[in-house]
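Lettering of chains follows the sequences in order, A, B, ..., and the numbering in each one begins at 1. Atoms considered below: every heavy atom in the structure, side chains included; atoms not considered: hydrogens, waters and symmetry mates.
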Amino acid sequence: MYQYDAFDRRIVEERAHQFREQVVRRIDGRITELEFKPLRLQNGLYLQLHAYMLRIAIPYGLLSSKQLRVLADVTRKYDRGYAHWTTRQNLQLNWPKLEDVPKILDELAAVEMHAIQTSGNCIRNITSDPYAGVAADEVADPRPYCELMRQWSTFHPEFAALPRKFKLAVTGAAEDRAAIAVHDIGIRVVKSDAGEIGFAFYVGGGQGRTPLLAPCINAFVPEAHLVSYTEAILRTYNRLGRRDNKFKARIKILVKAVGAEEFARQVEEEHAHIAEGPLKLAREDIEGFRRFFRPPMYEVLRDDDPTLAAALLGKDRGLASWFAHNVAPHRQPGYAIVNLSCKSPDLPPGDVTADQMDAVADLADRFSFGALVVTHRQNLVFTDVKKRDLPALYAELTRLGFATPNVGKLTDIVCCPGLDYCSLANARSISVAKQVAERFEELSKLYAVGELHLNISGCINACGHHHVGHIGVLGIDKQGHEFYQLMLGGSSGTDASLGKVLGHALVHDEVAPAVERVVLAYLAHRAGPEETFLEAYRRLGPAPFKEAVYDPARA
Amino acid sequence: MTLWTVTANRLLDGSVAYLSADRRWTSELARAWVAASEAEAQPLLAWALGQEHVICDPYLLELGREGDRLVPTSARERIRAEGPLVTLARLGYAPAAEPQRRVG
Ligand code: SF4
């Protein structure tokens with residue numbers, strides 16, 4: 001993974017030092033809250049319902065075991081012993097005290113971490129495919145490009161005060177595991193017929209109040225122009241994006257207003273000025289970044305590992321079920337990708353304790369070259385596990401509560417903190433997730449349903465990505481009371497689509513039964529077990545699901 | 001009948017605070033100073049706005065009464081008063097030392 005050079009180290013340490021001074025000045029009254037707020041937000045520090053919240057950046061979700069141990073340590077020392085993986089592959093602390101935050105930032109800086117680009121109207125922390133570098137369906141590893149873009153975007157003076165926040169995702173694989181269609185810019189690494197690497201640019205997607213899927217504005221930008229073309233997009237947006245209305249300020253509104261074609265034309269015009277300038281990448285530049293992401297020293301192994309094969313046929317059916325649902329194919333023979341489910345019955349979705357973090361760090365050292373990835377579905381991934389080690393790893397993960405064999409299934413719920421923590425929330429989301437999970441705790445019931453993504457957001461800001469859940473739940477406020485809209489048919493994958501509201505809003509305790517009725521309607525109407533929920537919904541439309549939820553007597 | 005008080009978050013730890021009758025900040029809604037009308041509460045809000053050295057972002061909060069208890073009228077303020085409703089204690093990672101706020 002990337003290693004900081006002296007410059008990276010200096011800017012991160014300086015930032016921590018500056019923030020320490022700013023906190024002192026706020027506490028002794030030399031600066032007002034109005035002056036302090038933008039400064040703390042630039043360091044990822046929000047004020048939530050009951051406490052401050054610190055959002056720590058995890059660039060493209062990649063962590064070393066050493067970094068994870070420090071995250072565990074600060075979670076234990078300065079917080080209440082648990083933290084939360086976010087849908088942007090970051091980590092949130094829920095209870096830090098103001099005067100402790102500079103200490104946390106110092107400790108993070110010591111392991112090349114920070115909370116920069118996790119808030120404010122800047123280019124946010126870049127997200128990527130959790131299987132990056134090992135996916136069988138990858139054109140090229142997207143992480144060198146992510147790192148390059150991270151360095152270009154960090155403290156970019158021209159883009160420090162954009163009309164609104166700006167989110168980028170990069171994938172290098174055929175299957176979209178990075179939700180690129182719902183980002184301000186989604187970048188897909190592609191190969192031309194001549195074998196040249198380039199990028200397809202999808203611009204103007206997003207969720208929130210106005211959900212939109214990003215149109216492709218350029219199907220092939222040569223590798224050398226990755227940064228210059230992105231800069232041209234940002235410049236065009238910075239110039240034309242609305243600043244008079246916060247709700248119309250995202251790039252998606254601009255692209256929709258002028259049209260993708262016209263927007264692309266303006267970007268090309270801007271790009272013509274800078275394409276051959278200093279932002280043009282030389283082959284050596286890219287090679288330099290690639291070196292940080294070279295594959296680890298894999299052993300030469302058989303792909304059909306006999307130890308694993310015997311264990312899978314053994315008495316422990318749990319292992320077989322976990323292997324079927326939480327383990328994915330690796331491109332290196334004899335290795336596998338392992339998903340650690342952070343969706344157990346005991347913790348809110350995406351929550352993790354400090355002790356668990358320490359234990360996962362030890363497992364990463366033992367089984368996966370000391371690295372792991374946080375996913376936008378709020379789970380963790382070990383990317384490089386020997387197949388013959390899978391039974392041993394399974395036993396350890398089971399002990400820790402990370403082996404629930406539910407990845408991609410209904411109880412692998414994506415869920416924002418909602419009204420239990422978030423000051424912008426309309427309604428609770430964690431408790432809804434818990435009620436749904438309880439109804440599908442029995443694995444046979446869960447497996448009968450197959451692949452089904454449930455996403456829950458506590459408000460229209462859509463941090464729980466409800467628009468792209470196969471089933472989405474959105475918390476709304478009606479005169480101070482919590483209500484929920486149900487949406488069906490969303491997807492953040494390669495076949496991205498936005499969910500549609502099914503009918504009138506429900507009260508809190510109606511949501512889980514309604515989700516169950518939607519699932520039962522799917523089971524009743526699907527063409528066969530091989531037809532997924534999403535496929536069935538797309539074939540059938542909302543009618544049978546609507547009837548099941550709102551008129552169950554007739555359904 | 002709607003009642004009013006002033007609420008904010010404490011500067012040092014962001015915790016929820018209510019203005020008490022003796023113009024101090026309390027974590028307990030039961031000890032909050034209560035005004036019978038918004039107009040009566042406004043001068044206290046003005047005073048609270050000058051309290052930036054201890055609190056952030058004060059605002060007026062509507063309350064109701066259930067028997068002799070003060071209760072917030074919105075889900076948001078109920079959760080602010082009670083703390084997260086997720087059962088952290090059951091999971092064994094919420095330190096017992098943390099004050100348990102109660103709706104008064
Ligand atoms: S979706 Fe709304 S409630 Fe949920 S974390 Fe985001 S802002 Fe908060």
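- In this structure the side chain of B:S15 never reaches within 4.5 angstrom of the side chain of A:H50, judged on heavy atoms.
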For this session: Could you walk me through whether B:D13 and A:E99 pass the side-chain contact (heavy atoms from CB on, under 4.5 Å) test, one step at a time?
Result: CA-CA 8 Å; B:D13 61 4; A:E99 61 189 349; over 6 Å; no
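- Sorted by first and then second residue, the side chain to side chain donor-acceptor pair (under 3.5 Å) pairs with a member in residues 26-37 of chain A read A:R26-A:E33, A:D28-A:R30, A:T32-A:E35, A:E33-A:R40; sequence neighbours excluded.
- Side chains of A:L98 and B:L11 form a contact here, defined as non-hydrogen atoms less than 4.5 Å apart.
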Problem set entry | Evaluation steps, side-chain contact (heavy atoms from CB on, under 4.5 Å), between A:L49 and B:V16 | CA-CA 7 Å; A:L49 279 188; B:V16 176; 5.9 Å; no
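- A:D412 is linked by a side chain to side chain donor-acceptor pair (under 3.5 Å) to A:K343, A:N379, counting only residues two or more places apart in sequence or in another chain.
- Using non-hydrogen atoms only and a strict 4.5 Å limit, no part of residues 506-515 of chain A faces chain B.
- Side-chain contact check for B:R76 versus A:S423: some heavy-atom pair is nearer than 4.5 Å.
- Other residues, nucleotides and ligands contribute more than 12 heavy atoms inside 6.0 Å of the CZ atom of B:R65.
- In this structure a side-chain-to-backbone donor-acceptor pair under 3.5 Å is missing from B:N9 to A:L47.
- The side chain to side chain donor-acceptor pair (under 3.5 Å) test applied to B:R23 returns no partner, not counting sequence neighbours.
- Inter-residue side-chain proximity for A:Q479 and B:T73 is flagged as unmet; no heavy-atom pair is nearer than 4.5 Å.
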